[in-house]
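Naming: A, B, ... by sequence-line order, numbering from 1 per chain. Remember, it's a predicted structure, so these values are computed and weren't measured experimentally.
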Amino acid sequence: MSTAPVRVRFAPSPTGALHVGGVRTALFNYLFARHHGGEFLLRIEDTDQKRYVPKAEEYIMEALAWCGISPDYSPKTGGPDAPYRQSERKPMYRQYAEQLVASGHAYYAFDTEEELETMRENAEKAGMKNWQYNAITRQNMRNSLTLPADEVQRLLDGGANYVVRMKIPRNEEIRFEDAIRGWVLFQTNQLDDKVLMKQDGMPTYHLANVVDDHLMHITHVIRGEEWLPSAPLHVYMYQCFGWTAPVFAHLPLLLSPDGKGKLSKRDGDKHGFPIFPLDWHNPETGETAKGYREAGYLPDAFINFLALLGWNPGNDQEILTREEMVKLFTLERVGKSGVKFDKAKSVWFNATYLRALTPAELLPHLKAQLAAAGVAHTRDDAFLLSVVPLIQERAEYLTDLAPQAAPYLVAPQTFDPELVAKRWNPQGAEFIAGLLPQLQSFEPWEEAPLEAFVKETVEAAGLGLGKVMPALRLALTNRMQGAELFRIFELLGREETLARLEAALARL
RNA sequence: GGCGCGUUCGUCUAGCCAGGUCCAGGACACCUCUCUUUCACAGAGGCGACACGGGUUCGAAUCCCGUACGCGCUACCA
């Protein structure tokens with residue numbers, strides 16, 4: 001391991017919205033960089049022009065910004081090793097591919113995609129499960145290893161289509177020490193001659209990622225476990241280039257909550273949780289997929305939840321500030337096994353963070369939610385501020401705020417027949433009617449005295465509280481859940497309270 | 001199929017590298033109770049796991065071997 005300053009990268013492909021798994025990979029890279037006082041950069045791997053989705057890159061940056069894990073360098077900010085978009089680095093890759101050809105580690109292959117397809121099909125008919133372009137089969141293909149030198153030159157000069165392939169040797173071992181998994185051993189016989197440079201002149205992921213990681217002085221490659229099988233190829237490439245390889249760390253996969261398999265969009269739909277950080281408007285299908293932001297999650301809660309998916313701080317603490325995460329994050333404490341996504345726990349984190357906010361911090365959220373929900377009211381900020389504590393402990397998502405606050409802001413326009421049938425009753429109504437004049441002059445208009453007074457009066461009337469309390473709640477808010485009844489009295493004030501009670505008596 | 005990686009409560013995990021203090025600790029979820037004639041919060045309690053089989057050892061969740069199961073990869077995609 002070198003002593004160079006830590007530098008890591010998050011290298012997504014702009015083929016669509018960033019998935020939660022990608023956010024977690026970015027988060028772990030970010031935490032690792034910050035922990036070591038290093039740098040974290042974003043590199044856009046858009047070498048596949050066929051899968052390129054226009055808005056994806058913008059989405060990725062906005063999502064990282066919302067999560068508070070913006071990179072030090074990105075295509076947007078630039079930086080010492082710009083550009084950070086591989087399509088813009090296209091001219092740089094060819095020389096490295098040529099270098100490997102020159103050193104005998106790679107070669108030109110002229111086989112067409114159709115020819116390769118035919119080979120695979122024939123092999124399968126012959127009972128071979130997976131045909132690979134490798135040390136054995138390449139001898140029967142059209143490449144610079146089998147064709148005469150002059151013909152190769154002729155093809156090249158004639159502008160023939162070709163790819164550059166890695167020449168994987170036979171009977172060798174490749175091993176490397178993964179920072180999370182320890183020593184991992186592969187046999188080169190299992191590897192195939194991966195394409196490094198595509199026909200269109202673009203590098204494949206393998207070439208681009210190795211070249212860029214080297215050029216950008218990446219010290220640690222922290223990525224998903226799905227990359228583990230291609231890690232030996234990358235390690236071998238570093239060897240062929242004569243470069244020092246970065247430390248590799250392959251993160252456990254995020255799994256579907258039920259069955260198995262990688263977490264997918266489908267799982268989110270099925271279990272009712274977002275799979276993307278922000279709403280994603282798919283430009284191809286026109287569909288919109290829900291995001292955590294729009295679903296009412298607080299970014300800090302979301303991040304805290306994600307951080308604990310595959311990592312733990314080594315103690316029993318689960319609520320961690322950004323600073324604590326940075327301070328405690330190490331790859332040693334990252335687990336090896338796949339992690340099932342747990343919606344219930346994500347909700348718990350959000351509700352816990354929501355409750356921890358001060359009323360003043362929550363006020364802007366409440367106002368935004370009321371506006372978004374179209375709740376028309378005439379109350380001022382001071383009143384809204386006094387509503388916050390009543391709804392804060394009952395909300396799980398920010399989107400719960402408006403529906404829960406509404407009954408305190410707007411008098412019931414109608415009453416739910418089911419609630420009326422269950423909670424409204426003649427004795428209660430009669431009692432409430434008789435109570436009104438007394439409340440007219442009751443002092444002080446505060447929760448505790450009001451509660452004591454009303455309860456005493458109910459008992460004096462020989463009625464059960466059950467006849468009166470639910471009826472009062474119904475009359476006031478048309479809800480059977482919510483803040484303490486007399487807290488609502490105090491909040492609404494004498495005038496509004498009496499007005500609502502009279503209106504209810506008149507209509508029920 | 002081949003190769004790789006993995007396997008502690010339903011879920012996330014601590015413990016494993018440096019075997020005994022673990023009849024396995026915490027959190028979420030679930031259940032019960034308290035508070036409250038609402039809902040929620042909060043508090044108290046409960047349920048609940050070392051995949052299986054061998055071996056090493058006085059002693060194994062921890063070390064070794066095997067089996068099973070799961071996942072990943074197996075493109076001129078990343």
> Closest to the A:Asn312 side chain: B:rU13, B:rA29, B:rC71?
Replying inline: B:rU13
> What does B:rC3 pair with, Watson-Crick or G-U, if both distances are under 3.5 Å?
Replying inline: B:rG72
>> Please report the distance separating the P of B:rA14 from the corresponding atom of B:rG26, rounded so that it comes out in whole Å.
In response: 15 Å
> Is B:rC28 paired to anything, Watson-Crick or G-U wobble with both distances less than 3.5 Å, and if yes, which nucleotide?
Replying inline: B:rG10
> Between A:Arg355 and A:Tyr353, is NZ or CZ placed under 6.0 angstrom from the six-membered ring centre and within 45° of the ring axis?
Replying inline: no
> So what does A:Gln199 touch, heavy atoms closer than 4.0 Å: a base, only the sugar-phosphate, or nothing?
Replying inline: base
>> Need to verify one output field. Residue with the more 5' nearest nucleotide on RNA chain B, A:Phe110 or A:Leu463?
In response: A:Leu463
> In Watson-Crick or G-U wobble terms, both distances under 3.5 Å, what is the partner of B:rC47?
Replying inline: none
> Counting any heavy atom closer than 4.0 Å, what does A:Arg333 reach on the DNA or RNA strands: base, sugar-phosphate only, or nothing?
Replying inline: sugar-phosphate
> Across all strands, who's sitting opposite B:rU34 as a Watson-Crick or G-U wobble pair, both distances under 3.5 Å?
Replying inline: B:rA42
>> If the cut-off is 4.0 Å, is A:Lys198 near the phosphate of B:rA78, judged by side-chain N/O to OP1 or OP2?
In response: yes
> Per the atom types in the model, does the base of B:rG2 pair as donor or acceptor with the side chain of A:Asn130 at under 3.5 Å?
Replying inline: no
>> Closest-nucleotide mapping onto RNA chain B: is A:Glu484 or A:Val339 further toward the 5' terminus? I mean the 5' end.
In response: A:Val339
> Does B:rU62 have a Watson-Crick or wobble mate here (both distances under 3.5 Å), and if so which one?
Replying inline: none
> With respect to the side chain of A:Ser13, which nucleotide from B:rA78, B:rG26, B:rU8 is positioned closest?
Replying inline: B:rA78
> What nucleotide among B:rC5, B:rA29, B:rA75 has an atom nearest to a side-chain atom of A:Val184?
Replying inline: B:rC5
>> Taking any heavy-atom pair under 4.0 Å as a contact, classify A:Asp48: base, sugar-phosphate, or nothing.
In response: sugar-phosphate
>> ring pair (Phe, Tyr, Trp, His ring centres under 6.0 Å), that's the test. Do A:Tyr59 and A:Trp280 meet it? Break it down for me.
In response: CA-CA 8 Å; A:Tyr59 178 97; A:Trp280 168 244; 5.1 Å; yes
